[in-house]
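Inspection log for the structure reproduced underneath, given as structure tokens.
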Amino acid sequence: MSDTLNTQLCDAVDAGFDRQIAFLSELTAHPSTRGNEQSAQDFMAAELSARGYALDRWQIDVADIQHLPGFSPVLGTYEDAVNVVGTHRSATQKGRSLILNGHIDVVPAGPLDMWDTPPFKPRVKDGWLYGRGGGDMKAGLASNLFALDALRACGLAPAADVFYQSVVEEECTGNGALACLARGYQADAALIPEPFSEHLVTAQLGVIWFQVHLKGRPTHVAYAGSGANAIEAAFPLIKALHDMEHRWNDIEHRHAEYAHMDHALNLNVGKFEGGDWTSSVPAWSTFDVRMAIFPGQSIKAAKEEIEKTILEAASANDFLRNAPPEIVYHGFHAEGYALSDDSSAMARQAISTLEAAHSTATGETLEREAITATTDARFFGLYADTPTLVYGPKAEAIHGFNERVDLESMRRVTKATALFIAQWCGTEDI
Ligand code: ZN
């Protein structure tokens, strides 16, 4: 690709950057937590249509995906889960096709008084945009879209099909990305600009979510000895799960990408409910757990060990021995995925193309990182044979308070993405 075109593309990103920030602000103002993504998806659909992309918008149907590898069980229905895809069809089909994926769903804001300013009233200060979802990952959705815009501003279109995906459900199951696969979207590579500081993600962990339900025996606290406290009974089970977590992190179990990390796999008790009254021995409790697994680690075997761990710990409790905990799976059944394990020519080419694009756009070498979270990359990488590059801007406090994204980093990623698209897909005149 010529230096002139590189320069033109970067200039086009600069020229459109104020509009890109306005787009990101408006998108971040939509409070697209799970089940509330509609208005954000309406906005995305309108932006894609206005640019002339062929729009596909559909409600996820569990029946279409539940038999597929990578499906995660869900509680409730998918009445509100709508995916949006905009397609560019190349006239010449000279190049390699591409999926540009991002998720529209954001995690809950948490207590509002922990935020300096309201999470869904984005503001820009000192080069950062603040707001829930601004970093994770609406800035990525913006960079994908405005990278395509930069080509157009140069009178060019990708010389291969490009599928721009705005999916739901990334933060709890990944079933939005899975629904894109089930709908037939395939390409030679995928790019997901999750906010990992402009690093190329070489590996990601798998994640399992489960719920443990305990039932005790209610009694007045004055006779607590005859009751069974369903909240306190949970403590030894949680301790046993943490012991399991430490075993799984042992060096001999680690995937090569995580060999240097003492504690890549984290177990988190993320929710706890139980009891009805301060002076009643609680008759029930429920806690929600997130546990990570390494790439290559079997979900089935992991679940078996989780169940064994809980039931063994319960058997040490006089009450739980006769009223064993119930384990319910809902949400993530996510395998790990390592791009670095993909030895295909397509994967090598995708990585080297991104390396070149990043270094031209930023003047820096592309760093690599194995992350201790999951992303939708696993669907394309594991179940569709599509090398998937996770590469996005720098953000801070994602899932925390005062989440923010570095706007200059978004600019660099947008430039690198424009260069990547032009090189990967090739270009044709509009
Ligand atoms: Zn994300």
Side-chain angles (χ1 to χ4, degrees), residues 33-34 72-75 103 105-111 114 132-133 135-137 169-175 194-196 201 203-214 230-250 253-255 258 261-274 285-295 297-299 301-311 313-314 325-337 369-376 378 395-403:
T33 50
R34 180 69 270 286
S72 290
V74 283
L75 298 177
H103 65 84
D105 55 317
V106 304
V107 296
M114 305 281 286
R132 167 60 81 233
D136 186 11
M137 61 169 290
E169 282 283 313
E170 192 275 344
E171 297 285 5
C172 45
T173 61
N175 288 340
E194 289 274 15
F196 291 105
V201 173
Q204 62 182 44
L205 297 175
V207 171
I208 300 173
W209 277 13
F210 56 96
Q211 239 175 19
V212 183
H213 294 256
L214 300 183
I231 291 179
E232 292 187 29
F235 302 162
L237 307 193
I238 292 169
K239 162 82 170 60
L241 285 168
H242 277 302
D243 291 345
M244 179 196 79
E245 172 195 13
H246 291 300
R247 285 198 306 278
W248 287 10
N249 275 295
D250 278 349
H253 297 141
R254 289 179 206 160
H255 181 275
Y258 298 90
M261 288 190 209
D262 287 340
H263 207 285
L265 306 181
N266 291 316
L267 181 133
N268 183 56
V269 179
K271 270 170 70 179
F272 197 110
E273 291 178 290
S285 74
T286 302
F287 59 97
D288 288 61
V289 186
R290 173 266 196 200
M291 182 60 204
I293 55 175
F294 287 118
Q297 199 176 339
S298 140
I299 288 190
K303 284 167 67 178
E304 283 167 7
E305 193 167 342
I306 287 167
E307 289 160 24
K308 185 162 162 268
T309 299
I310 292 171
L311 294 177
E326 189 192 353
I327 300 155
V328 176
Y329 295 96
H330 73 103
F332 283 121
H333 261 50
E335 291 186 85
Y337 164 62
E369 182 182 353
I371 60 168
T372 56
T374 183
T375 76
D376 279 341
R378 66 187 182 277
E396 291 179 351
I398 61 171
H399 296 216
F401 305 107
N402 300 322
E403 175 177 348

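Only a predicted model underlies this, so the values are computations on that prediction, with no experimental measurement involved.
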Can you list everything that forms a side-chain contact (heavy atoms from CB on, under 4.5 Å) with [X]? Sequence neighbours excluded, please.
| X | value |
| --- | --- |
| A203 | E257, Y258, A338, A370 |
| P236 | none |
| S72 | T173, N175, H333 |
| A314 | L237, L320, P325 |

Given D105, which of R34, E170, M137 fulfils the side chain to side chain contact (heavy atoms under 4.5 Å, CB included) condition?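 Testing D105 for a side chain to side chain contact (heavy atoms under 4.5 Å, CB included) against R34, E170, M137 leaves exactly one candidate, E170.
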Sequence neighbours excluded, which residues qualify as salt bridge (charged side-chain N to carboxylate O under 4.0 Å, His left out) partners of E307?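 By the salt bridge (charged side-chain N to carboxylate O under 4.0 Å, His left out) rule, E307 matches no residue at all.
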Output all residues satisfying salt bridge (charged side-chain N to carboxylate O under 4.0 Å, His left out) with R290, sequence neighbours left out; order by chain, then residue number.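 If we apply the salt bridge (charged side-chain N to carboxylate O under 4.0 Å, His left out) test to R290, skipping adjacent residues, there are no hits.
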Restricting to ring-ring contact (aromatic ring centres under 6.0 Å, His included), what partner residues turn up for [X], sequence neighbours left out?
| X | answer |
| --- | --- |
| H399 | none |
| W209 | H330, F332 |
| H242 | none |
| F196 | none |

Roughly how far, to the nearest 0.5 Å, is [atom2] of [Y] from [atom1] of [X]?
| X | Y | atom1 | atom2 | value |
| --- | --- | --- | --- | --- |
| S285 | L214 | OG | CG | 4.0 Å |
| Q211 | F287 | CD | CZ | 10.0 Å |
| I208 | E335 | CD1 | CD | 9.5 Å |
| H255 | L265 | NE2 | CG | 12.0 Å |
| E304 | T309 | CD | OG1 | 11.5 Å |

Among all residues two or more places apart in sequence or in another chain, which pass the side-chain hydrogen bond (donor to acceptor under 3.5 Å, both in side chains) test with N266?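 Once residues adjacent in sequence are excluded, the partners of N266 under the side-chain hydrogen bond (donor to acceptor under 3.5 Å, both in side chains) criterion are H263.
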What residues, two or more places apart in sequence or in another chain, satisfy side-chain hydrogen bond (donor to acceptor under 3.5 Å, both in side chains) together with E273?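 Checked E273 against side-chain hydrogen bond (donor to acceptor under 3.5 Å, both in side chains); zero matches.
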Answer yes or no: is there a side-chain heavy-atom contact under 4.5 Å between [X] and [Y]?
| X | Y | result |
| --- | --- | --- |
| I327 | I310 | yes |
| Q204 | I371 | yes |
| Y329 | I299 | no |
| D262 | N249 | no |
| L241 | M291 | no |

Check [X] against [Y] and note the closest heavy-atom contact, atom names and distance.
| X | Y | value |
| --- | --- | --- |
| V269 | I238 | CG2-CG2, 4.0 Å |
| I293 | A302 | CG2-CB, 4.0 Å |
| R132 | A397 | NH1-O, 4.1 Å |

Tell me yes or no: between the side chains of E305 and W248, is some donor less than 3.5 Å from an acceptor?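 Distance-only check passes for E305 and W248.
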H103 and E194 side chains, donor-acceptor separation under 3.5 Å: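 Per modelled atom types, E194 and H103 side chains form a pair under 3.5 Å.
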Using the rule given for side-chain contact (heavy atoms from CB on, under 4.5 Å), can you reason through F294 versus L205, listing the C-alpha separation, both sets of side-chain angles and the distance that settles it, and then say yes or no? CA-CA 5 Å; F294 287 118; L205 297 175; 3.7 Å; yes
Polar side-chain atom of E403 near backbone of G135 as donor-acceptor pair, under 3.5 Å: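 Yes: the side chain of E403 pairs with the backbone of G135.
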Going by an N to O cut-off under 4.0 Å, is there a salt bridge joining D243 and R247?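 R247 and D243: not salt-bridged.
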